[in-house]
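This report refers to the structure that appears directly beneath it.
Numbering of ligands and ligand atoms starts at 1, following listing order. Basis for what follows: all heavy atoms, side chains included, without hydrogens, waters or symmetry-related copies.
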Amino acid sequence: MRMIFIGPPGAGKGTQAARLVERFAIPHISTGDMFRAAVKAGTPMGKEADRYMKAGQLVPDEVVIGMVKERIAEPDCSEGFMLDGFPRTVPQAEALDAAGVGLDVVLVLEVDDELIVSRIVGRRSDPETGEIYHLQFNPPPAEIMSRLVHRKDDTEEACRTRLGAYHDQTSPIIPFYEARGLVKRVNGVGSPDEVTARITAALA
Ligand code: ADP
Ligand code: ADP
């Protein structure tokens, strides 16, 4: 199963991907997580990516494409993968194509902009478990509150820039995949369980 997950920042891709990969036993490949790990490790790529990420802008295509090609060539991807956050531009989608990577499904998670801002601003993650919480919608246990991470780009200002990038640069890839009959659109508004049920139905 080779899947791509598309949706605006904060649509719930990471939350849903964690559930799906368990079911399909495929790796969850989040380019955002890979960049954050590179930033933390202080690699040259991490340093370059950090400048763009802080501002809510996309990292240049050539950096992302090279990183993803290497990752999906690893043995754990032989039976499939779930790509979350890639491709995010038409050139990235074309590069995947040119590399001969065939896809089974492109899931598009739809949530409107105003709800996105509140999901992003309240997002917190647990660096120890990788669990994603939300201060109101999925409150963390009080005892782990002090170790939770609030991403630098999860401010209202950077979120608005990221939403702009989504509408201008990422949403044009939906017609690209629609032309191949790969797209399944899922309403991302509702509880995480409701959204999982819709995704399961769309994949059936
Ligand atoms: P993405 O990976 O698309 O950026 P996340 O999965 O990180 O999105 O979710 C963004 C924020 O919204 C997180 O704080 C998460 O807990 C919360 N969230 C995810 N799904 C839902 C949902 N169905 N309803 C309410 N909040 C949600
Ligand atoms: P979210 O789902 O909340 O938008 P991600 O974790 O997917 O966030 O991405 C965080 C940041 O990492 C993006 O704003 C961008 O700077 C960078 N990034 C991640 N994936 C890509 C990509 N495919 N192309 C360009 N930049 C990317």
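Considering backbone and side-chain atoms together, Pro9 places no N or O closer than 3.5 Å to any N or O of ligand 1. The distance criterion of under 3.5 Å between nitrogen or oxygen atoms is met by Tyr133 with respect to ligand 1. Looking at Gly10 next to ligand 1, an N or O pair under 3.5 Å apart turns up. The shortest N or O to N or O distance between Asp84 and ligand 1 is not below 3.5 Å. Between Phe86 and ligand 2, a contact under 3.5 Å exists for no N or O pair. For the pair Arg151 and ligand 2, the shortest N or O to N or O distance falls below 3.5 Å.
Residue Gly32 approaches ligand 2 through these ligand atoms, each under 4.0 Å from one of its heavy atoms: 5 (P), 6 (O), 9 (O), 19 (C). Remark: ligand 2 atoms within the under-4.0 Å shell around heavy atoms of Gln92 are 22 (C), 23 (N), 24 (N), 25 (C). Counting the atoms of ligand 1 from 1 in the order shown, those under 4.0 Å from a heavy atom of Phe137 are 25 (C), 26 (N). Residue Lys13 has at least one heavy-atom neighbour below 4.0 Å for each of these atoms of ligand 2: 2 (O). Listed by number with element, the atoms of ligand 1 under 4.0 angstrom from any heavy atom of Gly190 are 22 (C), 23 (N), 24 (N). Every atom of ligand 1 is numbered from 1 in the order shown, and the set under 4.0 Å from a heavy atom of His134 is 14 (O), 16 (O). Every atom of ligand 2 with a heavy atom of Arg36 under 4.0 Å away is listed here by number and element: 6 (O), 10 (C). Listed by number with element, the atoms of ligand 1 under 4.0 Å from a non-hydrogen atom of Ser191 are 23 (N). Remark: ligand 2 atoms within the under-4.0 Å shell around heavy atoms of Arg123 are 3 (O). Near Thr31, meaning under 4.0 Å from one of its heavy atoms, ligand 2 places the atoms 19 (C), 20 (N), 21 (C), 23 (N). Listed by number with element, the atoms of ligand 2 under 4.0 Å from a non-hydrogen atom of Gly85 are 20 (N), 21 (C), 22 (C), 23 (N). Distances below 4.0 Å separate heavy atoms of Gln57 from the following atoms of ligand 2: 15 (C), 16 (O). Residue contact check: Gly14 has heavy atoms under 4.0 Å from atoms 1 (P), 2 (O), 6 (O) of ligand 1.
The nearest protein atom to atom 1 (P) of ligand 2, hydrogens excluded, is given as Arg162 NH2, 3.4 Å; this is a heavy-atom distance. With respect to atom 8 (O) of ligand 1, the closest heavy atom belonging to the protein is Gly12 N, 3.1 Å. Taking atom 11 (C) of ligand 1 as the reference point, the nearest protein heavy-atom neighbour is Arg119 O, 3.6 Å.
Looking at Val64 against ligand 2, only its side chain comes within 4.0 Å, counting heavy atoms.
For the pair Phe24/Leu203, a side-chain contact is recorded, criterion being any heavy-atom separation below 4.5 Å from C-beta on.
Contact annotation: Gly7 has no heavy atom less than 4.0 Å from any atom of ligand 1.
Within 6.0 Å of CD on Glu79 lie no more than 12 heavy atoms contributed by other residues, nucleotides or ligands.
Rounding to the nearest 0.5 Å places CG of Leu115 at 10.5 Å from CD1 of Ile120.
Screening Leu96, Asp104, Ile26, Val105 against Arg2 for a side-chain contact (heavy atoms from CB on, under 4.5 Å) leaves a single residue, Asp104.
Proximity of a side-chain donor or acceptor of Asn138 to a complementary backbone N or O of Ile132 within less than 3.5 Å is detected. Remark: side-chain polar atoms of Arg123 are not paired, donor with acceptor, to backbone N or O of Gly10 under 3.5 angstrom.
Between Glu178 and Arg185 there is a salt bridge, with a side-chain nitrogen of the basic residue lying less than 4.0 Å from a carboxylate oxygen of the acidic one. Taking 4.0 Å as the cut-off between side-chain N and carboxylate O, Glu74 and Arg71 count as a salt-bridged pair.
With Tyr166 as the aromatic partner, Arg162 does not meet the cation-pi criteria of under 6.0 angstrom to the ring centre and within 45 degrees of the ring axis.
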